[in-house]
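Here the structure is a predicted model, which is why all the values come from computation and not from measurement. The sequence lines fix the lettering, A, B, ..., with proteins before strands; numbering per chain opens at 1.
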Amino acid sequence: MDVHFSQEALKEINRIIAQYPKERKNSALLPVLHVVQKETEGWLSPETMDKVASILEIKPIEVYEVVTFYTMYFTKPVGKYVIEVCQTGPCMICGSDHIIKYLEDKLGIKVGETTPDNIFTLRAVECLGACGYAPMLQIGEQYYEHLTEEKLDQIIHELGSKHSDKY
Amino acid sequence: MKVTIDDISIEVPPGTTILEAARMIGENVPPTMCYYSKLEGSGGKCRSCLVQVTKGSEKDPRPMPKLVASCRTTVMDGMEVRNTTSPDVISARKSVTEFLLINHPIDCPICDQAGECDLQDLSYEHGLSKSRYDFKKRVFEKIDIGDYIQMHMTRCIMCYRCVMVADQLTPERVHGVLNRGEAAEISTYIKKAIDNEFSGNMIDVCPVGALTDKTFRFKSRVWFTKPVYAHRDCKTCSGKVTLWYQGAEVLRVTGRKDRWHEVEEFICNDCRFHKKDTADWVIESAAPVSRHSVISQNHNVYEVPVVRKKLQENNKPE
Amino acid sequence: MGLQLLLEHINKPEIETIDGYIKHGGYRTLDKVLGKMSPDEVTEEVKTAGLRGRGGAGFPTGLKWTFLDKSTDKPRYLLCNADESEPGTFKDRLIMQKIPHLLIEGMILSSYALGCRTSYIYIRGEYMFILRILEKAIKEAYAKGFLGENIKGSGYSLDLYVHPGAGAYICGEETALIESLEGKRGNPRIKPPFPAVSGLWGCPTIVNNVESICTVVPIVNMSGAEYAKIGIGRSTGTKLISASGNINKPGVYEIELGLPVEEFIYSDEYCGGIKGGLELKACVPGGSSVPILPKHLLLKESNGNPRLMTYESLSEGGFETGSMLGSGGFIVYDEKQCIVKNTWTFARFYHHESCGQCSPCREGTIWLDKVLYNIEHGLGKESDIDLLWDIQHGIEGNTICPLGDAAAWPVAAAIRHFRHEFEYHVRYPHRVKDEDHVYQPEMNYRTA
């Protein structure tokens with residue numbers, strides 16, 4: 001399967017590569033993977049990773065090693081919106097358990113699962129650096145803080161209703 | 001440079017590590033599970049060779065605050081090191097051994113590495129008799145890495161040696177360390193055979209039974225086979241090997257290993273997997289086996305008894 | 001409000017733009033330093049100021065700078081560590097989000113002092129929205145000629161880039177950060193060699209926390225000697241404290257080092273007391289890695305003096321009765337919080353974040369996680385408490401990088417000060433039982 005990236009993505013990749021010395025092209029791997037993952041429905045297939053390896057002139061295994069190390073890269077398909085709820089100490093004492101439970105019930109899925117319509121994936125993650133504004137979650141690049149049940153309803157409605165009447 | 005390990009002093013060239021110095025002394029050598037002198041950048045990971053530096057150097061005699069990995073710490077002039085004479089070192093080594101074993105399957109009875117396994121040696125010396133880990137052990141999805149090498153990820157202790165072999169001896173590495181933390185594993189990610197002229201060396205460098213020789217699989221136990229030095233004219237490698245005989249049959253070919261279980265020279269896959277006939281080889285001599293090794297059972301034990309016999313003769317009361 | 005050196009203008013309108021920042025005195029240090037002071041003079045100011053690394057270890061920043069190997073003709077690099085991931089810490093984020101030019105100004109000064117031609121800000125991947133803010137600010141700085149070739153005609157040139165991580169706490173360790181910036185797995189390197197000699201791409205490299213680098217700006221503005229007058233003893237200057245947990249006013253506060261802990265918790269100027277009028281039970285004063293302290297040890301030193309927010313006072317008594325200032329992640333627990341559960345979430349965190357390179361950390365952190373899970377969920381045994389102690393002892397000090405220590409300390413401290421809670425859990429399991437009985441590692445690792 002051939003993998004193609006959009007012109008804008010290629011432009012962005014080249015901009016990123018230029019930030020590093022010429023002979024250190026491979027240093028651009030992490031930011032390039034972020035750009036690519038957005039291009040390819042939010043996850044990285046082996047073909048995509050091989051393509052990245054050829055752009056950065058490294059061995060495919062070096063890309064696999066990196067992708068599986070970091071938690072922000074997905075190696076399997078995910079929903080349109082990945083909801084990541086922080087569950088570490090400071091959030092826990094402010095009620096993150098309840099937030100997770102509420103979302104599980106609301107979406108009808110368990111942590112780690114994706115809704116059947118492929119819109120939401122629910123994950124429990126470790127500290128996102130918003131301890132003072134707990135409980136909190138992240139969707140894409142956006143942080144949602146000081147969560148309450150009403151706020152969760154609103155977030156799910158706002159994002160989900162664009163794609164399905166269910167939300 | 002002078003370094004003192006467990007009250008024994010030795011002069012070593014600058015740049016020598018504490019571990020190499022200990023090997024030069026030849027006694028009380030810290031165990032090594034990940035360090036391999038022939039592989040650049042190896043060591044520092046398993047933490048079984050930790051030692052205590054009680055005096056940094058002549059110039060700066062302060063002791064080091066933490067235990068250090070002897071394989072990656074170079075000696076300074078006047079350094080004083082405690083290995084087996086330090087209770088802290090012994091206790092740390094005991095912990096490291098326990099950590100290495102909690103997820104190890106301990107399937108030695110069906111493991112081809114048994115008898116020449118570094119983890120067996122380590123647990124014999126530092127392990128507890130009973131496990132305190134009462135959870136399910138870690139398992140991995142099995143992967144097939146080709147016709148010659150058998151991989152058992154559950155036995156792996158993450159020494160990274162096989163990754164370094166692939167990096168340093170072969171043209172293109174196709175396997176590596178995937179995932180992180182306790183989920184880390186050696187894998188090719190996509191199904192792929194590890195196939196190149198020197199891949200078989202991964203078997204020799206593996207300290208445990210994670211990578212074993214498929215052509216020797218379940219054929220025998222290492223202590224039933226007899227190691228013999230032999231060589232042949234080989235275009236790709238030095239052709240200097242150890243043949244492992246059972247009766248007249250060559251069951252296995254490996255590189256020649258020294259006292260520290262490291263190969264003297266890496267050999268090619270042709271010598272290792274395809275030359276299993278005595279006619280392929282020029283036989284040199286019986287390979288030396290260390291007296292404490294289980295392989296010495298049922299065999300002549302070389303070297304040491306000879307020395308001892310001489311000693312006994314010399315010391316005979318007149 | 002006490003003295004504000006970093007956050008003074010944080011709420012001013014348009015402070016995030018370069019014009020707004022300049023309006024409030026921003027970038028005036030460039031005129032003072034570039035071409036007027038030698039790099040060594042800048043370093044000397046930072047040394048005189050007594051600035052200690054704000055990332056957690058508290059190592060003197062100026063001294064660290066002097067370790068940079070200047071004997072080679074290789075390029076040198078300054079890396080800003082913005083991989084803020086320590087649970088309880090969210091101070092760097094505030095600066096970068098609200099007042100990004102302060103960091104850029106600090107980067108210019110520090111890079112100048114170190115003789116770097118190129119510098120990078122390594123920011124955690126989850127802060128992608130902050131990366132956009134920083135990149136926009138950097139663009140503005142280039143447009144004004146504060147970055148790039150020949151800055152303000154001084155002959156000094158600097159390129160500044162932002163590099164995102166991708167979700168790994170371990171990349172806050174300086175050598176792991178370097179590996180990650182090189183496009184590899186975030187495995188910490190075995191030291192020596194230290195980064196100051198051989199770091200990024202084998203070149204001499206200094207890694208500093210965001211707050212440390214920002215603090216260089218007020219130091220240059222007011223002179224190191226003046227800065228050293230703030231604070232107490234070897235804890236000079238101001239420090240950002242991220243306050244979270246069961247308090248009335250969680251958030252980031254800039255305090256003068258030397259403020260009594262009691263005042264910090266109860267004063268309306270800061271945390272504003274415990275939420276809901278409950279009692280204070282315990283506190284983790286410096287991010288999840290440092291030992292937790294019960295109320296009586298938190299407010300008073302072992303000699304009866306009030307405990308102060310300084311590096312020395314918080315660590316008074318060693319780990320027996322003290323803790324550490326660390327990164328300033330101040331997590332407060334009220335009387336209703338369960339220390340066992342909290343310790344378990346921390347253990348789970350370190351299990352999740354261990355890179356897996358060295359055996360004590362790889363195997364020890366998951367073991368701690370599992371045993372603590374059992375105790376918390378009513379499946380523990382009396383002997384598990386001693387087992388936990390042995391495991392943490394086996395990890396501490398025996399690992400490649402400080403993550404091992406960070407995983408061991410919270411467990412040790414929780415057992416040391418709250419052993420009775422662990423005993424309660426194993427003796428009366430039916431009172432703490434959850435419906436979930438089986439340990440599920442999938443629950444917290446690579447769930448998607």
Quick one: does [X]'s side chain have a donor or acceptor within less than 3.5 Å of a partner on [Y]'s backbone?
{"X": "C/Tyr350", "Y": "C/Ser289", "value": "yes"}
{"X": "C/Glu353", "Y": "C/Tyr169", "value": "yes"}
{"X": "A/Thr121", "Y": "A/Gly79", "value": "yes"}
{"X": "A/Glu104", "Y": "A/Val111", "value": "yes"}
{"X": "A/Tyr73", "Y": "A/Leu30", "value": "yes"}

Under 4.5 Å from a heavy atom of chain A, the part of [X] involved:
{"X": "C/Val162", "value": "backbone"}
{"X": "C/Cys171", "value": "side chain"}
{"X": "C/Phe349", "value": "both"}
{"X": "C/Tyr120", "value": "side chain"}
{"X": "C/Leu131", "value": "neither"}
{"X": "C/Glu135", "value": "side chain"}

Part of A/Glu62 within contact of chain C (heavy atom distance under 4.5 Å):
neither

Measure A/Ala134 against the heavy atoms of chain C and call it side chain, backbone, both or neither at under 4.5 Å.
neither

Chain A: which of [options] shares the most heavy-atom pairs with it under 4.5 Å?
{"options": "C/Ser180, C/Ala243, C/Gly329, C/Ser242", "value": "C/Ser180"}
{"options": "C/Glu84, C/Lys249, C/Lys91, C/Glu126", "value": "C/Glu126"}
{"options": "C/Ser288, C/Pro250, C/Gly251, C/Gly186", "value": "C/Gly186"}
{"options": "C/Met128, C/Lys275, C/Lys336", "value": "C/Met128"}

Give the intermediate values and the outcome of salt bridge (charged side-chain N to carboxylate O under 4.0 Å, His left out) for residues C/Arg132 and A/Glu141.
CA-CA 10 Å; C/Arg132 315 264 180 239; A/Glu141 290 185 13; 2.4 Å; yes

Under 3.5 Å, is there a donor-acceptor pair between the A/Glu149 and A/His98 side chains?
yes

In terms of heavy-atom pairs under 4.5 Å, which option from A/Leu128, A/Asn26, A/Val66, A/Leu29 contacts chain C the most?
A/Leu128

Chain C contacts, top residue of A/Lys110, A/His34, A/Glu84, A/Gln142 (heavy-atom pairs, under 4.5 Å)
A/His34

Axial cation check for A/Tyr20 ring with A/Arg24, 6.0 Å and 45° limits:
no

